[in-house]
Amino acid sequence: MTRFTRMLGAATLMISTAMAAEFALAQRAVAQGQLHPLQPTSPRLERLVRAPGVIEGTLTRVDGRTESVDVSIFLGLLGKTIEVNRDTLIQVNGREARFADLQEGAKVKAFYEERGAKLVATRLEVSSAPG
């Protein structure tokens, strides 16, 4: 047996032992109701796991009751409903704005994250308000 073969065998044994130990710890944590070690444990990590989205179009509905907007593209035939919350950065013509400043008919670029079945806006850039 060459020295390289012995080293390779030892490295393989160490890696497989470490993987088995990690699996056993993960199983025990799951059995105890703890998060799996590979699950996101903070909102910052969760954002990295979920792919953000972007849609550009027209605000066809601004609903103050549900604090959501409809962004439509392709002659209003396609679009998305996106929730807006207190963490959403809203800009109208490059200036910081509030939800109440959003108007139907405005052009918008909406950045959002998927949170379960909901789309939640992280940023809304309104490029022009209706006249």
Side-chain angles (χ1 to χ4, degrees):
M1 211 186 258
T2 68
R3 181 171 183 223
F4 176 77
T5 306
R6 285 192 306 266
M7 288 176 57
L8 183 61
T12 303
L13 178 62
M14 287 191 311
I15 291 170
S16 61
T17 302
M19 289 175 65
E22 178 67 25
F23 181 76
L25 288 173
Q27 292 294 8
R28 188 173 77 186
V30 170
Q32 293 174 352
Q34 299 171 354
L35 289 175
H36 186 278
L38 297 179
Q39 280 185 314
T41 56
S42 73
R44 175 176 257 172
L45 287 176
E46 206 168 284
R47 273 191 291 242
L48 293 174
V49 172
R50 296 184 180 164
V54 180
I55 184 172
E56 289 187 66
T58 303
L59 288 174
T60 53
R61 185 181 62 85
V62 177
D63 189 337
R65 187 178 54 79
T66 61
E67 291 202 346
S68 64
V69 296
D70 283 354
V71 179
S72 296
I73 58 173
F74 194 66
L75 305 172
L77 298 175
L78 301 172
K80 297 186 182 296
T81 298
I82 302 173
E83 291 188 12
V84 179
N85 62 29
R86 68 174 183 258
D87 296 325
T88 304
L89 173 63
I90 300 173
Q91 294 177 315
V92 176
N93 295 325
R95 294 198 168 101
E96 192 167 337
R98 302 178 326 229
F99 184 84
D101 298 321
L102 299 176
Q103 296 180 17
E104 292 178 7
K107 300 294 180 201
V108 67
K109 184 173 186 178
F111 300 81
Y112 62 88
E113 297 175 340
E114 292 182 40
R115 296 185 187 161
K118 299 177 182 179
L119 302 180
V120 179
T122 56
R123 189 168 77 227
L124 297 176
E125 296 177 356
V126 179
S127 59
S128 63

(request) Report the distance from atom CD1 of Ile82 to atom OG1 of Thr122, rounding to the nearest 0.5 Å. (result) 9.0 Å
(message) Between Thr58 and Lys107, is the side chain to side chain donor-acceptor pair (under 3.5 Å) condition met? List the steps.
(response) CA-CA 5 Å; Thr58 303; Lys107 300 294 180 201; 3.1 Å; yes
(request) Taking all heavy atoms of Lys109 and all of Val54, pick out the closest pair and write down the distance. (result) CE-CG1, 3.8 Å
(request) Output the distance between atom CD (Glu96) and atom CD1 (Ile90), rounded to the nearest 0.5 Å. (result) 9.0 Å
(message) With rounding to the nearest 0.5 angstrom, report the CD to CD distance, Glu67 to Glu83.
(response) 9.5 Å
(request) Tell me, with the steps shown, if Val71 and Leu59 meet side chain to side chain contact (heavy atoms under 4.5 Å, CB included). (result) CA-CA 5 Å; Val71 179; Leu59 288 174; 4.1 Å; yes
(request) Mind listing the closest non-hydrogen atom pair of Ala110 and Leu124 along with its distance? (result) CB-CD2, 3.5 Å
(message) Testing the basics here: between Ile55 and Lys80, what is the closest heavy-atom pair and its distance to 0.1 Å?
(response) CD1-CG, 4.0 Å
(request) List the atom of Val126, the atom of Ala106, and the distance in Å for their closest heavy-atom pair. (result) CG1-CB, 3.6 Å
(request) Return yes if some donor-acceptor pair links the side-chain N/O of Ser72 with the main-chain N/O of Gly79 below 3.5 Å, else return no. (result) no
(request) Hey, could you give me the CD/CG distance between Glu113 and Asp87, rounded to the nearest 0.5 Å? (result) 9.5 Å
(message) Test of understanding: with salt bridge (Lys or Arg N to Asp or Glu O under 4.0 Å), list the residues that count as partners of Arg61, not counting sequence neighbours.
(response) Asp63, Asp70
(request) For residues Val92 and Ala97, report the shortest heavy-atom separation together with the two atoms involved. (result) CG2-CB, 3.6 Å
(request) Report the distance from atom NZ of Lys118 to atom CG of Asn85, rounding to the nearest 0.5 Å. (result) 10.0 Å
(request) Group every Ile, Leu, Val, Met, Phe, Trp and Tyr by side-chain heavy-atom contacts under 4.5 Å, then state whether Leu89 and Val69 land in the same group. (result) no
(request) With rounding to the nearest 0.5 Å, note down the distance linking CG in Leu119 to CD in Glu114. (result) 6.0 Å
